[in-house]
Amino acid sequence: MKLRNKINLYTAFLFALLLLLINITVYYSFNKLIIDSEISTANKEIKKISENIGLSLGSIPEGALLRSYVPVNGMIQIVTADNKSLPAVTSPGEQNLSKRKAEFFNSEVSKTIKYQGLQYTFESMPIILQDGSIANLQITKSMDTATDNLSILRIVLFMVTLLALIPVLISSRFLSNLITKPVTSMIRTMTEIRQSGRFKTIKLEGKSKDELFQMGETFNHMIELLEVNFEKQQQFASNASHELKTPLTIIESYASLLKRRGLKEPQLFAESIEAIHSEAIRMKEMTEQLLLIARNQEQWNIEVNQLNLHELITQSVNAFKNAYNREIKWVEEIDPPIIIHTDEKKLKQLLFIFLDNARKYSDEEIVVTAGIEKEEVFIKIIDCGIGIQEDELPKVFDRFYRVDKARSRKQGGSGLGLSLAKEIANAIGISIHLESKLGVGTTATLFYKKKMKI
Ligand code: ATP
Ligand code: MG
């Protein structure tokens, strides 16, 4: 069953039930009230009549006496102790009542009775006849008017219930529309997305920031996020294939050169092998970096150990110095050894990425410092090289992004270093801060966020 129909059905059913309960209570209360008042009137009447009859018995014949007190729609009779009725006097419309079997009661009786499908009040009052015997003065009165009124009340309440259901149905329809509209619009948009393969957001109407509005907003936000991720992924795939195409083309062209003339020209042979070898290494590095970037955080296999920061940086700096024959000044800003808990290999990898950039994009001495600032351990890699323009700074962490493509190509970069650095830093809980000024130099700072021991 559709949500809209469910809401309609449940609301209508609940309201109908509620109205029914209220109306039944109203009806039964009125019913009791009317019957009680009929009985009490009849009771008062019989008391008065029995007093008067008591006074007039003997002086006026019983028949004539009863006739003067007969109710408009009922019967008056005197019943003796042997259950026999002296001739009863009935009103013209209630002659049937005289056929009812007479019954003597020892005490006063006040009740309602049913006779031939009709309701009556029945009053019986002991009186003393002229001969001294005890008899009952009994008055039976039709409750026609009261039952008529009650049946009118029944009809009115029934009609009220039906009428009240109309606004209930209208409002439940309005309510269900209000709730299901954003949901159906969301379903429609999702179906459209599925069929067309293109991302779409839903139009949000109304100013109230209710849950349905929030749901729509969240949906749109999610779609935007998916779209951005999808585009990024597409761009990544096209960038990756584009970047791999260049070394492959170089390898292919040198290989075909080798095939044609390589054996005859030893110099060409050596040059081609060298080019193929270096391009193959570059491709290998690039694919390794790509694989690392594509990994999830959980697949990083982090091994946390207690490390002496001084030793770790000294080792990395020395290794780098030897590999590239570059001057690196290593300055530790505080005396006691700094102990951190992190993954040694990953932190070294991170340092190499920044040292590699400092090496590639500067010619002068590189400075490495470490210390503690606001309870956070920091490592700075400072170079006085070409620097990065301010508006390019946020982009350098994007995959394959290079500030000056021609220049970076000469230096052999593929634009993956910093994006890999970002992933590694995230995995080991380090934050990166990059400061740079064009033509002045660049400072990369690594902040170790976790609480450290000194
Ligand atoms: P890869 O590191 O993958 O070999 P890359 O060095 O070009 O290649 P990233 O390390 O991601 O890539 O750096 C992105 C770009 O940011 C670089 O191409 C360069 O233009 C700029 N950049 C990075 N570090 C520096 C720096 N220290 N000085 C000047 N420019 C830099
Ligand atoms: Mg780099």
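All ligand and atom numbering here is 1-based and tracks the order in the structure.
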Please work out which of Leu416, Val403, Leu355 has its closest non-hydrogen atom nearest to atom 21 (C) of ligand 1.
Val403
Kindly determine whether Glu192 and Arg188 satisfy salt bridge (charged side-chain N to carboxylate O under 4.0 Å, His left out), including the steps that lead there.
CA-CA 6 Å; Glu192 274 173 28; Arg188 208 181 317 118; 5.6 Å; no
What atoms in ligand 1 come closer than 4.0 Å to a heavy atom of Ile388?
22 (N), 25 (C), 29 (C), 30 (N), 31 (C)
N-O pairing of Lys141 and Glu45 below 4.0 Å:
yes
Within 45° cone and under 6.0 Å: Arg359 NZ/CZ vs Phe354 ring
no
Does atom CD of Gln116 have more than 12 heavy-atom neighbours, drawn from other residues, nucleotides or ligands, at distances under 6.0 Å?
yes
More than 12 heavy atoms of other groups within 6.0 Å of Tyr115 OH:
yes
For ligand 1, which atoms sit closer than 4.0 Å to a heavy atom of Val396?
11 (O), 14 (C), 16 (O)
In terms of its nearest heavy atom to atom 25 (C) of ligand 1, the top option of Tyr361, Phe354, Phe352 is Tyr361
Check this for me, if you would: do Arg399 and Glu423 make a salt bridge, where the nitrogen-to-carboxylate-oxygen distance has to be below 4.0 angstrom?
yes
Taking the ring centre of each residue, are Phe199 and Phe230 less than 6.0 Å apart?
yes
Proximity to ligand 1 by part of Lys360, non-hydrogen separation under 4.0 Å
side chain
With atom 26 (C) of ligand 1 as the reference point, say which of Asp398, Thr442, Leu393 has the nearest heavy atom.
Thr442
How does Tyr401 reach ligand 1, if at all, at less than 4.0 Å between non-hydrogen atoms: by side chain, backbone, both, or neither?
backbone
Counting from 1, what ligand 1 atoms have a heavy atom of Gly415 closer than 4.0 Å?
1 (P), 3 (O), 5 (P), 7 (O), 8 (O), 11 (O), 12 (O)
Against heavy atoms of Arg402, which atoms of ligand 1 measure under 4.0 Å?
7 (O), 18 (O)
Please determine if Gly417 has a nitrogen or oxygen closer than 3.5 Å to a nitrogen or oxygen of ligand 1.
yes
If you measure from each non-hydrogen atom of Asp383 to ligand 1, which part falls under 4.0 Å: side chain, backbone, both or neither?
side chain
Check if Gly385 has a non-hydrogen atom at a distance under 4.0 Å from any atom of ligand 1.
no
Is the NZ or CZ atom of Lys380 positioned over Phe378's six-membered ring, under 6.0 angstrom from the centre and within 45° of the axis?
yes
